[in-house]
Peer 1: 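Sending over a structure as structure tokens; questions will come in a sec.
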Amino acid sequence: MRIAEISPADVDAVVALWEEAGLTRPWNPPAVDLQRALDGATSTVLGGYRDDRLVGTVMVGHDGHRGWVYYLAVAASERGAGLGRKLMQAAESWLTANGAVKLQLMVREANAQVIGFYTRLGYADADVRVLGKRLD
Ligand SMILES: CC(C)(COP(=O)(O)OP(=O)(O)OC[C@H]1O[C@@H](n2cnc3c(N)ncnc32)[C@H](O)[C@@H]1OP(=O)(O)O)[C@@H](O)C(=O)NCCC(=O)NCCS
């Protein structure tokens, strides 16, 4: 799998992948999230390509200290072959190269089955509660 920054031509394929992976929510237009990350100076979206076909993504961004990962997804037909691990390694490399010293990510309560994947990769509960408020 080749990993590279998403190009504008891939927007529809990225959104379709995120929808298939169950990562989208009606109140968060995915194409807007994608464009914001691509436009930002401290964020991007990496795509995993097999024979030029998009098979995975991971969004990365940092605030100068912490790095964050969002929208990790592997196409359903490609799961279980190590692509998720490779995408997380690419996310860690991108964040390290951009000066982040910690990586954090959020898992929706309804997606608890993915915790086993992150545990396998060495991630652990950060023992914090995340509070949120919409500003729009
Ligand atoms: C999570 C996801 C990206 C994993 O991708 P994947 O390509 O299937 O994962 P990998 O094959 O790289 O798995 C890496 C390791 O984790 C293990 N693993 C994968 N999913 C697991 C799970 N749900 N529970 C426990 N272990 C898991 C694999 O067995 C593998 O172990 P190994 O390397 O020791 O053999 C994929 O399942 C996905 O796209 N899910 C839907 C979207 C999602 O939930 N994203 C995360 C939002 S927070």
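From a predicted model like this one, the values you see are computed outputs, not experimental measurements. As the structure lists them, so they are numbered: ligands from 1, and atoms in each ligand from 1.
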Peer 1: Considering distance alone, does some N or O of G82 sit under 3.5 Å from an N or O of ligand 1?
Peer 2: yes
Peer 1: With heavy-atom distances below 4.0 Å as the criterion, list the atoms of ligand 1 near A73.
Peer 2: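 In order of numbering, the contacting atoms are 39 (O).
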Peer 1: Is there a polar contact between ligand 1 and Q113, counting only N or O atoms under 3.5 Å apart?
Peer 2: yes
Peer 1: Look at atom 1 (C) of ligand 1 and say which protein heavy atom is nearest, naming residue and atom and giving the distance to 0.1 Å.
Peer 2: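 Checking every protein heavy atom, the shortest distance to atom 1 (C) of ligand 1 gives V114 CG2, 3.4 Å.
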Peer 1: Can you figure out which of F117, Y118, Y71 has its heavy atom closest to atom 18 (N) of ligand 1?
Peer 2: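 Checking each option, the heavy atom nearest atom 18 (N) of ligand 1 is found in F117.
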Peer 1: If I compare all heavy atoms of A37 with all of S43, which pair ends up nearest, and what's the gap?
Peer 2: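 For A37 versus S43, the nearest heavy atoms are O-OG, 2.8 Å.
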Peer 1: Numbering the atoms of ligand 1 from 1, which are under 4.0 Å from a heavy atom of A81?
Peer 2: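 This gives 11 (O) as the contact atoms.
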Peer 1: Measure from the side-chain N and O atoms of D63 to the backbone N and O of R66, and report whether any donor-acceptor pair falls under 3.5 Å.
Peer 2: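 Answer holds: yes.
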Peer 1: Is there a protein heavy atom at a distance of less than 4.0 Å from atom 11 (O) of ligand 1?
Peer 2: yes
Peer 1: Quick test: of every protein heavy atom, which one is nearest to atom 30 (C) of ligand 1, and how far off is it to 0.1 Å?
Peer 2: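 Among all protein heavy atoms, the one nearest atom 30 (C) of ligand 1 is R120 CG, 4.4 Å.
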Peer 1: Say whether E109 and N111, considering side chains only, have a donor N or O and an acceptor N or O under 3.5 Å apart.
Peer 2: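 No.
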Peer 1: Can you sort out which atoms of ligand 1 are near A21, meaning under 4.0 Å from one of its heavy atoms?
Peer 2: 41 (C), 42 (C)
Peer 1: Do ligand 1 and L23 have nitrogen or oxygen atoms that lie under 3.5 Å from each other?
Peer 2: no
Peer 1: What's the shortest heavy-atom distance between G61 and L95, and which atoms?
Peer 2: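 Smallest heavy-atom distance, with atoms named: O-CD2, 3.4 Å.
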Peer 1: For the CZ atom on R134, are there more than 12 heavy atoms of other groups (residues, nucleotides or ligands in this structure) within a distance under 6.0 Å?
Peer 2: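 Atom CZ in R134 is crowded, with more than 12 foreign heavy atoms closer than 6.0 Å.
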Peer 1: For atom 39 (O) of ligand 1, what is the closest protein heavy atom, and at what distance to 0.1 Å?
Peer 2: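 Answer for atom 39 (O) of ligand 1: V74 N, 2.8 Å.
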Peer 1: Using a 4.0 Å heavy-atom cut-off, which part of N111 comes near ligand 1: side chain, backbone, both, or neither?
Peer 2: side chain
Peer 1: How far is atom 7 (O) of ligand 1 from the closest protein heavy atom, and which atom is that?
Peer 2: G84 N, 2.8 Å
Peer 1: Quick one: does ligand 1 sit under 4.0 Å from the side chain of Y70, the backbone, both or neither, non-hydrogen atoms only?
Peer 2: neither
Peer 1: I'd like the name of whichever of V58, L121, L72 reaches closest to atom 3 (C) of ligand 1 through any heavy atom.
Peer 2: L72
Peer 1: Of all the atoms in ligand 1, which lie at a distance below 4.0 Å from a heavy atom belonging to M106?
Peer 2: 48 (S)
Peer 1: Hey, is CG on D39 packed in by over 12 heavy atoms from elsewhere, all under 6.0 Å?
Peer 2: yes
Peer 1: Which option out of Q89, R79, R85 puts a heavy atom nearest to atom 40 (N) of ligand 1?
Peer 2: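 Answer by nearest heavy atom: R79.
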Peer 1: Any side-chain heavy-atom pair from I6 and L46 closer than 4.5 angstrom?
Peer 2: no
Peer 1: Take atom CG of D51 as the centre, draw a 6.0 Å sphere, and report whether it contains more than 12 heavy atoms from other residues, nucleotides or ligands.
Peer 2: no
Peer 1: Looking only at non-hydrogen atoms, find the nearest pair between L105 and L103 and report the distance.
Peer 2: CD2-CD2, 4.0 Å
Peer 1: Could you report the tightest heavy-atom contact between G22 and R108, atom names first, then the distance?
Peer 2: O-NH1, 4.1 Å
Peer 1: For atom 43 (C) of ligand 1, is the nearest protein heavy atom closer than 4.0 Å?
Peer 2: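 Within 4.0 Å: yes, protein heavy atom nearby.
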Peer 1: State whether any protein heavy atom lies less than 4.0 Å from atom 46 (C) of ligand 1.
Peer 2: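 Flag for atom 46 (C) of ligand 1 set to true, protein heavy atom closer than 4.0 Å.
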Peer 1: Is it the case that D33 and Y70 place a side-chain donor and acceptor less than 3.5 Å from each other?
Peer 2: no
Peer 1: Tell me, which pairs form a ring-ring contact (aromatic ring centres under 6.0 Å, His included) where one or both residues lie in residues 5-36, sequence neighbours left out?
Peer 2: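 Output for this query lists W18-Y71.
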Peer 1: Taking distance alone, no hydrogens or angles, what donor-acceptor pairs closer than 3.5 Å link side-chain atoms of residues 85-93 to residues at least two apart or in another chain?
Peer 2:
| from | atom 1 | to | atom 2 | distance (Å) |
| --- | --- | --- | --- | --- |
| E92 | OE2 | Y123 | OH | 2.5 |
| S93 | OG | Q89 | O | 3.0 |

Peer 1: Under a 4.0 angstrom heavy-atom cut-off, which atoms of ligand 1 come close to G116?
Peer 2: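 Atoms satisfying the 4.0 Å criterion: 24 (N), 25 (C), 26 (N).
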Peer 1: Starting from atom 8 (O) of ligand 1, which protein heavy atom do you reach first, and at what distance in Å?
Peer 2: G80 N, 2.8 Å
